[in-house]
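One structure is given here, and the rest of the page talks about it.
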Amino acid sequence: MPANSSGNIFILPPGEARRIAAGEVIERPAALVREFLDNAIDAKAANIDVYIEGGGCKKAEVSDDGEGMLREDLELCWHTHATSKIRTLNDLDTSLTLGFRGEALAAAAAVSRLEIITSTDGRQAWRLETDPGIIHRNNELGVYRGKSHLPKPELTRRTRGTTVRSLNLFESIPARKKFLKREGSEAGLCRQVFIDKALAFNKLNFRFYNDGKLKEFLPGVPSKKERFAAALLQANEKDFLHEINVTGSGFSAVIVIGGPELYRNDRRQLFVFANGRRVQDFALIQAMEYGTQGWFPNGAHPVGAVFLEIDPCLADFNIHPAKREVRFRDPGAIHHAVSGGVKSFFHMKSVASAAQKSDTVKNEEFKFADNNSFTGKLPSVSYIREKFNEINFAAEKPAPAYSDFRYAGRVFGLFILIEHNDKLYIIDQHAAHERILYDKFIEHGIPKQDLLVPIPFRTESDEEDSFLEEKREELSRLGIKVERDANLGWRIEALPADWRMGDAATVKEILELKTAGENMAQRWAASCCCHAAIKDGDYPDNETAFNLGKEALLLPEPRCPHGRPIWTEISRDALHKAVRRS
């Protein structure tokens, strides 16, 4: 179509259009690495090496031992929308490959000098070099370095597989190049993409070279847990990592999750992968954290990843140029499976640990393959509750004889000291009482008390109104009665017995439950028991303190509902060593 000589609208030249479009796929060197890695994995490679120089701007290269390409394929592969993965739009519903749109090599060729060397058998190899100066429209011949033809493959030597090399990224687009970060920062982003792919494909061998030096070598391992530990954790942290398997209609997931001994102050080591791609899905990260609620202190986050495998017809990866986002047909089912699976695992692990200590229940009743891995079908909630009650000495069962414990006093207005089996237990009285109350609230419900004077309040958003309307019955079961007010506001007419917070804080606490998801009851119970529990500085009599301490030591979950440990211990031998007694 010719340009409009009298108006403002005109058609961009093909070369300019290609470079602009390429920027949506290749926004920085890390994007090149990601796309090249996808192609190597799709080619069924077992060994994949990544080389970068100058933060990936000077060179970004991926070499593999995969299937390779024929001469005819090499001649076409760098053209726009050239792909071996799909033939029609309907193929997107069945495609399980990482790449499918045919944009990666075309985009790389538009913004850098691209070299591809490939062989299908190791006997005959071909090399192709392209330049961003090529002008190419449809299948017509263009201009390449002043010649009236497109680049042609040349014979070369190579073992089976493919090497794709991008040189001088954005050299012909200075405006885009100036927005890149420093070389060290760009190299770090390339390394993160490398780690992402290695996490998802744990059975492959990956190497990462930066400026000629080997920086990472991740040999193939059988499990996602082992790869996660090797790639991201310190050697002394790997024993605290666990692996869970969950399934649902049209999907399955491996969940790698760290125990409460292993936590971070942010969410940077929480990942979501869908069909091998790392995706941005806060809901599934939230699902992992919902499942661990009550095991980690406030402000602490677990480490872990969800590796989701889903029927392609139930997910749409075609909504983002770099495929970093995905739209699920039934996100709620996946969210529930992840949070429920993590939650069940932590409960069962706690039950098994308590059973091992008390000898009340045999270990083989809990299908643990080893100390770190849960296998088999996830147990039902009723099964968990049954086993939980069997070992919950604090409710129905007699405590051991007084001679098994000796009350040793209290220190610092907070800690109860108890001797038991040559160990001194130091018990946080608030955390212990909090957990005891919490278990009772979860088991028997939260008692409700009508207010003599209702608390009026107004919401600040339609979202808060919808939450109160939709969850009114569930809130009532939690001891909270809210009703619409005649002045288009709300009023609180009942709260849990012994509720002690002020009006404004109470309203804030209730409205914040909208972020709790399916863990709303647990979060509210945690708040209630925190307010009702004995506090730091309270001084119970000796008998009360002794009974509280014993009950704390027999709890199946030795953490408060907010994830803090209830007690710590020190042995007689450790004390002797501390004062140099032999």
Side-chain angles (χ1 to χ4, degrees), residues 34-35 37-44 83-104 193 195-204 222-225 227-228 242-257 267 270-292 302 304-345 373-378 517-518:
R34 181 188 64 238
E35 298 292 347
L37 281 170
D38 283 352
N39 285 341
I41 294 166
D42 284 342
K44 300 180 174 61
T83 177
S84 63
K85 317 296 174 57
I86 64 172
R87 293 291 182 269
T88 69
L89 183 63
N90 293 334
D91 291 340
L92 292 179
D93 289 339
T94 58
S95 176
L96 289 171
T97 54
L98 295 173
F100 52 79
R101 289 194 295 242
E103 295 174 324
V193 168
I195 293 295
D196 290 347
K197 295 301 177 187
L199 289 175
F201 296 91
N202 52 284
K203 294 183 180 179
L204 307 185
S223 71
K224 295 283 195 293
K225 180 180 72 172
R227 174 54 60 84
F228 191 102
H242 313 285
E243 191 170 290
I244 309 164
N245 293 281
V246 299
T247 60
S249 179
F251 69 88
S252 63
V254 174
I255 305 167
V256 173
I257 195 79
R267 296 186 175 93
L270 285 171
F271 306 86
V272 175
F273 295 85
N275 290 1
R277 302 176 179 89
R278 184 179 175 187
V279 295
Q280 298 169 345
D281 195 304
F282 179 72
L284 286 181
I285 288 178
Q286 194 177 50
M288 279 191 282
E289 295 207 279
Y290 282 166
T292 62
V306 173
F307 298 92
L308 178 70
E309 294 295 329
I310 186 168
D311 187 330
C313 69
L314 301 178
D316 183 4
F317 292 94
N318 207 28
I319 61 174
H320 189 281
K323 298 182 283 290
R324 285 196 294 263
E325 298 175 10
V326 61
R327 182 181 293 118
F328 299 116
R329 184 173 296 179
D330 187 2
I334 302 171
H335 186 284
H336 181 74
V338 170
S339 62
V342 173
K343 187 174 181 179
S344 295
F345 168 77
S373 178
F374 178 81
T375 61
K377 186 178 179 182
L378 284 171
E518 57 196 48

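Values below: all heavy atoms of this structure, side chains included; hydrogens, waters and symmetry mates excluded. In this chain, numbering begins with 1 at the start of the sequence shown.
In this structure the side chain of Y290 never reaches within 4.5 angstrom of the side chain of V338, judged on heavy atoms. Considering only heavy atoms from C-beta on, I310 comes within 4.5 Å of N275 through its side chain. E243 places a side-chain heavy atom less than 4.5 Å from the side chain of S223. Inter-residue side-chain proximity for L199 and F307 is flagged as met; some heavy-atom pair is nearer than 4.5 Å. No side-chain heavy atom of L284 sits under 4.5 Å from any side-chain heavy atom of V279.
Of all the heavy atoms in V306 and A253, the pair that sits closest is CG1-CB, 4.3 Å. What you find for F271 and M288 is that their closest heavy atoms are O-CE, 3.6 Å. Heavy-atom minimum distance, I257 versus P302: CD1-CB, 4.1 Å. Here the closest non-hydrogen pair linking A200 and G276 is CB-O, 3.6 Å. Counting all heavy atoms, side chain and backbone alike, A305 lies closest to F228 at CB-CE1, 4.1 Å. For the residue pair L308 and S252, the shortest heavy atom distance occurs at CD1-O, 3.5 Å.
Taken to the nearest 0.5 Å, the CG atom of D330 stands 11.0 Å off from the NE2 atom of H336. With rounding to the nearest 0.5 Å, the separation of CZ in F201 from CD1 in I41 is 4.5 Å. The distance from the CZ atom of R329 to the CG atom of D316 is 10.0 Å, given to the nearest 0.5 Å. Rounded to the nearest 0.5 angstrom, R278 CZ and R34 CZ are separated by 11.5 Å. Taking CD from Q286 and CG from D281, the interatomic distance works out to 10.0 Å, rounded to the nearest 0.5 Å.
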Passes side chain to side chain contact (heavy atoms under 4.5 Å, CB included), D38 versus K197? Steps please. CA-CA 8 Å; D38 283 352; K197 295 301 177 187; 2.6 Å; yes
T292 vs V342, test: side chain to side chain contact (heavy atoms under 4.5 Å, CB included). Steps then yes/no. CA-CA 7 Å; T292 62; V342 173; 3.6 Å; yes
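Residues satisfying the side chain to side chain contact (heavy atoms under 4.5 Å, CB included) criterion with N202, sequence neighbours excluded, are V221, K224, R227. By the ring pair (Phe, Tyr, Trp, His ring centres under 6.0 Å) test, F328 is found to be paired with no residue, residues two or more places apart in sequence or in another chain being considered. Shown here are the side chain to side chain contact (heavy atoms under 4.5 Å, CB included) partners of R267, two or more places apart in sequence or in another chain: L270, F282, I285, E289, H301.
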